[in-house]
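Below you'll find the structure, written out as structure tokens, and then a few comments.
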Number of protein chains: 2
Amino acid sequence: MTAAPQLTLVHDDPLVALGEVKTVSAGSEIFLQDQAASCLYRLVSGSVRTIRLTEDGRRQIGDFFFAGDLIGLEDDGAHAFTAEALERCEILVLRRSQVEAAATTNAAVAQILFHAGAARLQRMQRHLIQIGRKSAIERVAAALAQFAERGDAETVELPMSRQDLADYLGLTIETVSRMISQLQAHKVIRLNTLRQLRICDPMALRQLAA
Amino acid sequence: MTAAPQLTLVHDDPLVALGEVKTVSAGSEIFLQDQAASCLYRLVSGSVRTIRLTEDGRRQIGDFFFAGDLIGLEDDGAHAFTAEALERCEILVLRRSQVEAAATTNAAVAQILFHAGAARLQRMQRHLIQIGRKSAIERVAAALAQFAERGDAETVELPMSRQDLADYLGLTIETVSRMISQLQAHKVIRLNTLRQLRICDPMALRQLAA
DNA sequence: CGACATGTTGATTCGATTCAACACTTGTGG
DNA sequence: CCACAAGTGTTGAATCGAATCAACATGTCG
């Protein structure tokens, strides 16, 4: 479950031979909603959000991605979401056709795709429960706890805006803000800056995340 | 997107050789939450729901499955959900290890797994948006519209209870009931029985589904 | 420094939940 | 076959949590 360190990842990764690494600047798009999905992307460094905009302007964040994650797996024909770099990113760009071909001859590649796909589905299921059956405070606590798992320290970086968080959790920006304030008031977390916080009471956070 | 007729499916399916068909009676479990996920299941006939129960008793339906669907794809180590037959079902039981092995030598099998996985992810994304960003009436309308796509007639069978629908949509049973009543009052649908309805105004339904 | 974007906080409103009563459907045994 | 009971679904009234509307604070960047 825990991501291998980056360097190891890049060197061991049998996918590396199948594509090339590109650098993407903060805020720019990696692929667009409704575009043909001819590529897969392995995020080498940085962080990415996937967004879907509905006709009437509602916004849903599909997920946030970090180093090691495979992006674009769910898009068979066309991309259902737009992927945007939250900060400067390095991404390994892979032709979908090439990867699928490789998977039939190289068991390691097939393994990677299976596991990445299954992991993706499990993350989405967790996300579904978060959104479908949890209160505002639980959703925010769960999201923070989740980000904390990534960086193993108790210091959590939030590369995304409050609006992103809101659209990820199916809440409004005001509610997210209120819940974060509430967590602070209860000494569960402490904001260093708006985008960086320390988890003071991990137990309480996990409990709230339910 | 539209499921092939059952017979064709079973005969053409390269997975058939890899497993055996079993019959499951209504209400019984196909696999259990947190159980080791050693098998995949191809639903040959009938319908299935996947459920997750949280410690504190909240219930979330992962999805409903119908003939042709592949169940258990998302579960790499252990099953995140319990799968239960909504009615008498025939299921093709496949050893996961065997299928994965077959995928590396048989491109058709690999294809099936990729496509099924991608389709699953896309359904979940749609589900996520439904739950995260839609009102009660939109969620119910979207769910009915979705079921209507399956059976190509305007008559829709609902093999699941109102409670299932509620837990699928992240609503309460009362709200689901109210929304269905409302759709009836507006002549968008008409209940034949509690579990079977006719869509009188497909345009309006699609519009409400947003 | 000043301007604009981002985030916070408060007051009010609104939609969905909760609690409660009632209706319908289904299955069982007398 | 009917009576009854249990399960399932519907409807109404009151409540609650999150959204909305609005003002203000803070952070960021030219």
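Lettering follows sequence order; numbering is per chain, from 1. Please read these numbers as outputs of a predicted model, since none were measured by experiment.
When only modelled atom types and interatomic distance are considered, E87(B) and S47(B) share a side-chain donor-acceptor pair under 3.5 Å. No side-chain donor-acceptor contact under 3.5 Å links E90(B) and T23(B). In this structure, a donor-acceptor pair under 3.5 Å is absent between the side chains of Q130(B) and E138(B).
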Under the side chain to side chain contact (heavy atoms under 4.5 Å, CB included) criterion, do L158(A) and R162(A) qualify, and how do the steps go? CA-CA 9 Å; L158(A) 299 176; R162(A) 298 287 189 271; 4.2 Å; yes

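At distances below 3.5 Å, at least one donor-acceptor pair connects side-chain atoms of Q33(A) with backbone N or O atoms of L53(A).
To the nearest angstrom, C1' of dA16(C) lies 18 Å from NZ of K134(B). Straight-line distance from the CD atom of Q184(A) to the P atom of dA25(D): 18 Å, rounded to whole Å. Nucleotide dG12(D) holds its C1' atom 14 Å from the CE atom of M179(B), rounded to whole Å. Going from atom CG of L191(A) over to atom P of dA25(D) covers 19 Å, rounded to whole Å. Atom CD of Q182(B) and atom C1' of dG12(D) are 15 Å apart (whole Å). Summarising the geometry, the separation between CZ on R133(B) and C1' on dT20(D) is reported as 13 Å, rounded to the nearest angstrom. What separates CG of N192(B) from P of dG9(D) is a distance of 16 Å, to the nearest Å.
Take the nearest nucleotide of DNA chain C for L194(A) and for L194(B): the residue whose nucleotide is more 5' is L194(A). Between T193(A) and S135(A), it is S135(A) whose nearest contact on DNA chain D lies nearer the 5' terminus.
Contact annotation: R195(A) side-chain N/O to dG7(C) OP1/OP2 distance is under 4.0 Å.
Within residues 155-178 of chain B, the residues approached by DNA chain C to less than 4.0 Å at the level of any non-hydrogen atom are G170(B), L171(B), T172(B), E174(B), T175(B), R178(B), in residue-number order.
Between F81(B) and F31(B), the ring centre distance reaches or exceeds 6.0 Å.
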